[in-house]
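Atoms considered below: every heavy atom in the structure, side chains included; atoms not considered: hydrogens, waters and symmetry mates. Chain identifiers are assigned alphabetically (A, B, ...) following the order of the sequence lines, protein sequences preceding nucleic acid strands; residue numbering begins at 1 within each chain.
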Amino acid sequence: EAGVVQSPRYKIIEKKQPVAFWCNPISGHNTLYWYLQNLGQGPELLIRYENEEAVDDSQLPKDRFSAERLKGVDSTLKIQPAELGDSAVYLCASSPVTGAKAFFGQGTRLTVV
Amino acid sequence: KQEVTQIPAALSVPEGENLVLNCSFTDSAIYNLQWFRQDPGKGLTSLLLIQSSQREQTSGRLNASLDKSSGRSTLYIAASQPGDSATYLCAVRLEGTGNQFYFGTGTSLTVIP
């Protein structure tokens, strides 16, 4: 069974440019998460979806970050415009139902220069 | 807000040793706790999930225990191998939060051949 797939794996952009990350969760998983991980830190939640509904986006910086999960499957996370401080690893995860084991993708490492 | 602490931050042991990684959390009203492994530049790999009603879970050389009342979990690794070298993260879900993980900052393990 395929795991959580993220793309791209790496992205280098100049500040003020837009960037988008894509996530394909495990088939049948209703819950999808986007996490941000800074170097040497644990991941922090950005947004959580239950099917196509964003049920927890309280930590998403909405002035520059946006996300969508069309048809409750794939999800895209966008930053516009990117800032130097956005350099981090962006992780996507999914779980079949609330509270079940979560599975993470490989992450997208973003470098803003 | 749930605070998750992992001690030690880094650990170096010779191959073959048994070792214990510690995770503590401030709010004992947890739903479950999950241990993850993260290799450099990679995403998170789920190791063990312990429900709040359970005391321990075992998988191969790994054993995770949970003491809700004291706000602690330990990950025991038996007969360590160089391939166990990675960062180990614990993550806690609280009751009633609907699924959000609170992560510790991890323990970086190096197993010396």
Need one label for B/Q38: side chain, backbone, both or neither, based on atoms under 4.5 Å from any heavy atom in chain A.
side chain
Between A/G40, A/G107, A/A102, the one whose heavy-atom pairs under 4.5 Å with chain B are most numerous:
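Ranked by heavy-atom pairs under 4.5 Å with chain B, first place is A/A102.
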Residues, nucleotides or ligands: over 12 heavy atoms within 6.0 Å of A/K62 NZ:
yes
Other residues, nucleotides, ligands: >12 heavy atoms within 6.0 Å of A/K15 NZ
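No, because the 6.0 Å sphere around NZ of A/K15 holds 12 heavy atoms or fewer from other groups.
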Which residues in residues 53-92 of chain B have a heavy atom less than 4.5 Å from any heavy atom of chain A?
B/L89
Measure the acute angle between the ring planes of A/F104 and B/F103, then classify it against the limits of 30° and 60° as parallel, tilted or perpendicular.
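Because their plane-to-plane angle is over 60°, the rings of A/F104 and B/F103 count as perpendicular.
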Just say parallel, tilted or perpendicular for the rings of B/F36 and B/F101, cut-offs at 30° and 60°.
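Taking B/F101 first and then B/F36, their aromatic rings stand perpendicular (interplane angle over 60°).
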Would A/E14 and A/K16 pass as an ion pair if we require N to O under 4.0 Å?
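Looking at A/E14 and A/K16, the cut-off is not met.
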Which of B/S108, B/G41, B/G106 touches chain A most, by non-hydrogen pairs under 4.5 Å
B/G41
Let's test your reading of the structure: which of B/V4, B/D39, B/L49, B/L44 forms the most heavy-atom pairs below 4.5 Å with chain A?
B/L44
Is it the backbone or the side chain of A/A93 that comes under 4.5 Å from a heavy atom of chain B, or both, or neither?
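Neither part; nothing is under 4.5 Å.
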Proximity breakdown for A/Q37 and chain B, heavy-atom pairs closer than 4.5 Å:
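When you check distances to chain B, only side chain atoms of A/Q37 fall under 4.5 Å.
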I want to check something: taking the side chain as every heavy atom from C-beta on, are [X] and [Y] in contact at a cut-off of under 4.5 Å?
| X | Y | result |
| --- | --- | --- |
| B/T105 | A/Q41 | yes |
| A/I47 | A/S58 | no |
| B/Q51 | B/Y31 | yes |

B/Y102/B/R93 under side chain to side chain contact (heavy atoms under 4.5 Å, CB included): CA gap, chis, key distance, verdict
CA-CA 6 Å; B/Y102 293 88; B/R93 279 185 176 120; over 6 Å; no
